[in-house]
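Given the structure is predicted, the values throughout are model-derived calculations rather than measurements. Whatever order the structure lists them in is the order used to number ligands and atoms, beginning at 1.
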Amino acid sequence: VKVYEAIARAFVAEGVDTAFGVMGDAMLQWYASMAEAGVRMVGARHEAAALAMADGYVQSGGRLGVCGLTAGPGLAHGAVPLVGAARADLPLVVFAGDLPAAQRGNPAVFDQRRVAETFEAGFVAVSSPASALDDVHRAFYRARMDRRPVVLNAPTDVQAAEFPEPWSYRPTNGLPAVQRLGADPSLRGAVVDLIAASRRPVIVAGRGAMDSGAADALLALAARIGALVATTLPAKGWLDDDPFAVGLVGPLRSAVAEALFDQADLVLAFGCTLDRYAFTEGGLVFPEAKLVSVNVDPSARPPHTPADLHLVADARRAAREILLDLTERGVKQPGFRTEDVSGRLRAAVPSPSAGPPSAPLDQRDVMAVLEPHLGPDHEVVVGVGHFFAFPCTHLRRPRGGRFRFCYRSGSIGYALPTGIGCAAASPERTVVVIEGDGSLLQYVAEIDTAVRYGLRLLVVVMNDEALGAEYYKLRNSGFDPAHAVFPTPSFADVARAFGADGVVVRDGAELERALTHFDRHGGVYVVDVRVDRDAMNDMYRKFQRVGPNQVPHQREPSD
Ligand SMILES: Cc1ncc(C[n+]2csc(CCOP(=O)(O)OP(=O)(O)O)c2C)c(N)n1
């Protein structure tokens with residue numbers, strides 16, 4: 001048995017049944033050994049896309065992801081989604097074939113350790129045939145326990161050596177993923193004091209709270225202390241059933257939330273990294289409030305927003321324990337939960353997009369037509385660009401369904417591959433990718449991958465025939481925005497060329513017909529929606545100080 005086969009067997013022992021990658025000299029025997037051991041190998045067309053697929057697979061399936069990349073340009077191509085996965089705390093093992101040191105001068109020799117370090121991933125080298133399984137074990141252990149991508153560097157000379165039998169491997173997949181750390185009781189006491197002294201508290205829940213299953217605990221706590229309930233973007237819509245839910249924090253917060261947040265005197269942030277987008281971008285979100293952070297791992301990335309108190313604890317456990325403390329001390333207060341606030345949240349907010357859908361479509365209207373097509377089995381993957389704000393502000397999360405975002409490296413282009421990873425992880429669901437035209441063209445070849453693996457995938461292209469983000473920024477800085485206008489091909493033709501299907505739509509009725517077609521027929525379907533290039537999103541309006549906040553309050557999702 002060669003070392004690459006022994007390693008592939010260890011991956012299988014770790015419970016890996018699907019992996020993503022692009023083959024190359026430095027890892028093709030491992031790739032083939034994985035396939036022959038029964039692993040579904042999803043061969044992408046580009047390494048960055050392969051890694052983004054693994055990211056989507058982890059996000060959607062909640063399981064560790066695996067990606068195999070070759071030496072030199074292989075891993076380097078994957079660098080940007082690697083940093084995205086690192087910042088999203090995703091457990092991933094990247095099998096990175098490498099050339100032996102003796103091959104210096106070969107163009108495919110890149111320093112993989114430095115790539116991993118620069119792009120914030122862990123690094124484990126397979127240093128000898130005898131240590132190979134220990135090295136694999138270390139990579140999986142660190143990926144799972146640190147919740148981060150780990151580059152498993154495997155030089156070809158070590159891979160091709162005979163494995164010194166016997167093969168014996170103790171997998172890490174039985175390790176408990178969630179450990180419910182409790183908070184230090186005296187610090188908890190300090191939080192209870194802050195709550196008792198507060199009049200207008202807000203609970204902000206992030207992805208960590210969602211992962212810990214803290215919904216009931218947080219809503220019970222919020223009810224007792226009279227808190228408004230808000231979420232960060234990754235948890236968008238998660239708690240919207242609560243009558244005092246006010247939607248997102250950050251620059252996409254609604255007008256009514258913004259006015260209420262201005263009055264908040266205490267924020268309890270559960271499972272949030274306190275990043276700049278959620279709390280400070282576009283002006284302080286909670287200008288008057290004390291801030292308490294509850295997070296299992298406060299050291300992963302230092303918070304951008306300073307908190308007054310950090311509880312190192314699991315969100316669900318901490319919320320329950322704080323609630324018990326409050327009950328014991330007899331603290332119960334109306335806080336923000338008054339008739340007045342309730343009335344403001346129930347008041348209808350007129351949609352700023354006017355009248356019947358007409359060409360070119362306003363992106364808000366696209367969301368309105370799309371929303372009734374989404375149900376509990378839908379996962380909506382949103383890319384990066386000017387269009388990004390529209391699903392955030394004008395599309396509600398389907399009850400039970402999910403949003404997935406791919407903004408953590410700041411890169412455009414990853415919604416399609418991330419969606420492919422989601423679809424591979426969760427074939428029982430329907431993945432809807434919302435992507436810009438410029439972004440989609442970066443990894444458009446992955447339509448081929450989606451077709452080859454027979455996925456069910458709807459791609460909604462918000463096609464303004466421009467790099468819309470740049471279009472507005474050029475205009476704002478006094479340049480001709482036409483520099484950012486790029487006519488596109490018909491994405492319906494592009495889809496058909498890859499063996500998928502698609503349609504170009506220019507008004508609401510055509511969009512409705514296209515979505516109904518996909519609901520009935522499935523497959524990989526690309527809807528090229530021609531949208532109004534000049535309808536600015538609310539985030540840009542905010543950053544460019546164009547009039548008052550018009551983001552509507554999104555009430556609980558429809559059934
Ligand atoms: C890799 C990368 N290149 C460039 C950018 C800068 N950028 C941000 S948004 C954007 C426009 C994307 O265009 P499109 O996908 O059509 O969406 P739109 O902004 O038009 O809605 C660009 C080029 C980036 N974020 N990442």
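Taking only non-hydrogen atoms, the option from S439, G413, A484 nearest to atom 15 (O) of ligand 1 is S439. The option with the heavy atom closest to atom 4 (C) of ligand 1, from among I412, L467, V80, is I412. Compare E435, E465, E470, H386 by their heavy atoms: the one nearest to atom 6 (C) of ligand 1 is in E470.
Remark: K542 does not engage D538 in a salt bridge, criterion side-chain N to carboxylate O under 4.0 Å. The pair D240-R396 does not meet the salt-bridge criterion, since no charged nitrogen lies less than 4.0 angstrom from a carboxylate oxygen. By the 4.0 Å N-to-carboxylate-O rule, E258 lies close enough to R253 to be salt-bridged with it. In this structure, D89 does not pair ionically with R148, as no charged nitrogen and carboxylate oxygen lie closer than 4.0 Å.
Residue L440 places no N or O, backbone or side chain, under 3.5 Å from any N or O of ligand 1. Between A466 and ligand 1, a contact under 3.5 Å exists for at least one N or O pair. The N/O atoms of G385, backbone and side chain alike, include none that comes under 3.5 Å of an N/O atom in ligand 1.
Residue contacts with ligand 1, taken as heavy atom pairs separated by less than 4.0 Å, involve D464 solely via side-chain atoms from C-beta onward.
Aromatic ring pairs are classed by plane angle as parallel below 30°, tilted from 30° to 60° and perpendicular above 60°; the pair H46 and H77 is parallel. Between H394 and F390, the angle of the ring planes lies from 30° to 60°, which puts this pair in the tilted group. The aromatic rings of F286 and F261 lie tilted to each other, with the angle between the two planes from 30° to 60°.
In terms of protein heavy-atom proximity, atom 1 (C) of ligand 1 is closest to S411 OG, 3.3 Å. Counting protein heavy atoms only, atom 25 (N) of ligand 1 is closest to G410 O, 2.8 Å. Taking atom 17 (O) of ligand 1 as the reference point, the nearest protein heavy-atom neighbour is F387 CD2, 3.5 Å. Protein heavy atom closest to atom 14 (P) of ligand 1, with residue, atom name and distance, is G438 N, 3.5 Å. In terms of protein heavy atoms, atom 20 (O) of ligand 1 is closest to G468 N, 2.6 Å. Shortest contact from atom 9 (S) of ligand 1 to any protein heavy atom: A469 CB, 3.4 Å.
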Mind running ring-ring contact (aromatic ring centres under 6.0 Å, His included) on Y471 and H386 for me, showing each step along the way? CA-CA 9 Å; Y471 180 85; H386 174 259; 8.8 Å; no
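Within the structure, the closest approach of M462 to ligand 1 does not fall below 4.0 Å when heavy atoms are considered.
A distance of 12.5 Å separates CD1 in I420 from OH in Y443, rounded to the nearest 0.5 Å.
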